Amino acid sequence: MGASDPEVAPWAPGGAAGMAGAGAGAGARGGAPAGVEARARDPPPAHRAHPRHPRPAAQPSARRMDGGAGGPGSGDNAPTTEALFVALGAGVTALSHPLLYVKLLIQVGHEPMPPTLGTNVLGRKVLYLPSFFTYAKYIVQVDGKIGLFRGLSPRLMSNALSTVTRGSMKKVFPPDEIEQVSNKDDMKTSLKKVVKETSYEMMMQCVSRMLAHPLHVISMRCMVQFVGREAKYSGVLSSIGKIFKEEGLLGFFVGLIPHLLGDVVFLWGCNLLAHFINAYLVDDSFSQALAIRSYTKFVMGIAVSMLTYPFLLVGDLMAVNNCGLQAGLPPYSPVFKSWIHCWKYLSVQGQLFRGSSLLFRRVSSGSCFALE
């Protein structure tokens, strides 16, 4: 969901692309593949349903989508397909890393540049903090262009491990039975199918998150060293040794619980909302119903990711809190006893969404900056 990310996301971390499908009113997901299957299964023209009451489109099977029999990931092509996904994921991760880097520095409260005076849409004078582009330019001035990619190596490894884990789990626990559970013409069984698919996706996301989280912690700590100009975490292997020596095994999993909770809330919230909207608000008689249903989950993903952002923020702050780096110690941050303590502190300060915006960043009322 976000700035962390074996994400996926930018939302989040699993990302919307990894979510199980929330079907339409008749279980249809929308899109070209579903229409092709529906036409293939339609009866002869003499027995077709009335055009005003179209037959619900069949949803593409999870087996085909996940690289099962007949798909691009089947047979001898599976290793090649998995390697392709890892390579594509690495490219996206590298390109988006400066964005995540700046977001993390803002999350920990590092504001090295003063705000500037501007006006809002109502013409009132307000103070604006530097945007992503100004912040990134500052990092380049301090560390050079290569400085924008601090902490990239462990993040690449984290995302690759997450991708491989999900692929391996699909082979060990294929989703074939999940796809055959529902009768797509029945609302209740359609909802059961969404619940089963979301449960399956939640299991994969939680396992991949737990396995990749130690590398995520290392990546976060490498990046926040910019605040105090430290060099404590310089490589993956040496960082593993330092964390194990100073914090023990639990040190690799600080901040894991809020990340897991955020993933679970995101998956269930997005899939169920998309399902109910498609089932009860989108009328089949509307000519663009299929197109609307195909975009419902995307829109719901954006909305739910905004609501689950505090989980991402708290998880990232806990990953760097009290680890010997300036960014995780006072005055930047109190030493938190637990992630709940961190959540309550941010809530009282009105900072639960700190770092959620990177372009228009107004100075909050409780900030140390003030208009003269």
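If you read the sequence from its start, that first residue is 1, and numbering goes on from there. This is a predicted model, so every value here is computed, not measured.
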The side-chain contact (heavy atoms from CB on, under 4.5 Å) partner of Q205 among D263, L260, V264 is D263

Could you check whether K242 pairs with E230 (Lys NZ or Arg NE/NH1/NH2 to Asp/Glu carboxylate O, under 4.0 Å)? no

Evaluate the ring planes of Y101 and F226, with Trp represented by its six-membered ring, and classify them as parallel (under 30°), tilted (30 to 60°) or perpendicular (over 60°). perpendicular

For the rings on F360 and Y128, is their centre-to-centre separation under 6.0 Å? no

Between M220 and L100, the two heavy atoms sitting closest are CE-CD2, 4.0 Å

I'd like to know whether CZ of F85 has more than 12 heavy-atom contacts from other residues, nucleotides or ligands below 6.0 angstrom. no

Heavy-atom pair of closest approach, residues S238 and G235: OG-O, 3.2 Å

Run the side-chain contact (heavy atoms from CB on, under 4.5 Å) test on T93 and L152 for me, step by step, so that the C-alpha distance in whole Å, both residues' side-chain angles and the decisive distance to 0.1 Å come before the verdict. CA-CA 8 Å; T93 299; L152 176 60; 4.3 Å; yes

Measuring only between side-chain heavy atoms, which start at C-beta, is L129 closer than 4.5 Å to V363? yes

Could you go step by step and tell me if L249 and F252 meet the side-chain contact (heavy atoms from CB on, under 4.5 Å) rule? CA-CA 6 Å; L249 191 60; F252 294 104; 4.2 Å; yes

Are R354 and L317 packed together at the side-chain level, in the sense that at least one heavy-atom pair is separated by less than 4.5 angstrom? yes

Determine whether M300 and I277 make a side-chain contact, defined as any pair of heavy atoms from C-beta on separated by less than 4.5 Å. yes

May I ask whether Y138 and I146 are part of the same hydrophobic cluster, defined by side-chain heavy atoms of I, L, V, M, F, W, Y residues being less than 4.5 angstrom apart, directly or through others? no

Can you name the nearest heavy-atom pair linking Y233 to Q225, along with the distance? N-OE1, 2.5 Å

With a 6.0 Å cut-off (strictly less than), is the heavy-atom count around CZ of F353, excluding the residue itself, greater than 12? yes

OG1 on T198 to NZ on K193, rounded to 0.5 Å: 9.5 Å

Separation of E197 CD from L267 CG (nearest 0.5 Å): 12.0 Å

Under 4.5 Å between side-chain heavy atoms, counting indirect links through other Ile/Leu/Val/Met/Phe/Trp/Tyr residues: same cluster for V265 and M204 or not? no

Could you see if L329 belongs to whatever hydrophobic cluster contains I243? Use Ile, Leu, Val, Met, Phe, Trp, Tyr and a side-chain cutoff under 4.5 Å. no

Nearest 0.5 Å please: distance from the CG atom of L156 over to the CG atom of L161. 12.5 Å

Answer yes if I257 and I340 sit in the same cluster of Ile, Leu, Val, Met, Phe, Trp and Tyr residues linked by side chain heavy atoms under 4.5 Å apart, and no otherwise. yes

What's the spacing between Q351 CD and L346 CG if we round to 0.5 Å? 7.5 Å

F253 and H213 aromatic ring geometry - parallel, tilted or perpendicular at 30°/60° bounds: parallel

Does CG belonging to L250 count more than 12 external heavy atoms closer than 6.0 Å? no

Might you point out which heavy atoms bring G151 and M223 nearest each other, and give the distance in Å? CA-CG, 4.1 Å

Rounded to the nearest 0.5 Å, what separates atom CE in M157 from atom CG in L215? 5.0 Å

Within 6.0 Å of CE in M203, more than 12 heavy atoms from elsewhere: yes

For the side chain of K232 and the backbone of C323, is there at least one donor-acceptor N/O pair under 3.5 Å apart? yes

Report the C-alpha separation of N271 and M202 in whole Å, then their side-chain angles, then the decisive distance to 0.1 Å, and conclude whether the side-chain contact (heavy atoms from CB on, under 4.5 Å) test is met. CA-CA 11 Å; N271 288 352; M202 180 184 67; over 6 Å; no

Just wondering, do H275 and K297 contact through their side chains at under 4.5 Å, heavy atoms? no

So which atom in G269 and which in V304 form the shortest heavy-atom distance, rounded to 0.1 Å? C-CG2, 4.0 Å

Quick check: is Y309 connected to Y345 through a chain of hydrophobic side chains (ILVMFWY, heavy atoms under 4.5 Å apart)? yes

Could you walk me through whether F276 and L191 pass the side-chain contact (heavy atoms from CB on, under 4.5 Å) test, one step at a time? CA-CA 9 Å; F276 287 123; L191 177 59; 4.1 Å; yes

Are V108 and Y332 close enough that some pair of their side-chain heavy atoms sits under 4.5 Å apart? no

Side chains of S96 and R155: closer than 4.5 Å at any heavy-atom pair? yes

Heavy-atom nearest pair, R362 first then V126, reads NH2-CG1, 3.6 Å

Does the pair R361/E111 count as a salt bridge with the N-to-O cut at 4.0 Å? yes

Are any non-hydrogen side-chain atoms of P214 and I240 less than 4.5 angstrom apart? no

With a sphere of 6.0 Å drawn around CG of L148, does it hold more than 12 non-hydrogen atoms of other residues, nucleotides or ligands? yes

Can you confirm whether more than 12 heavy atoms, excluding those of R124, are under 6.0 Å from its CZ atom? no

Note, S199 side chain near V195 side chain (heavy atom, < 4.5 Å): yes

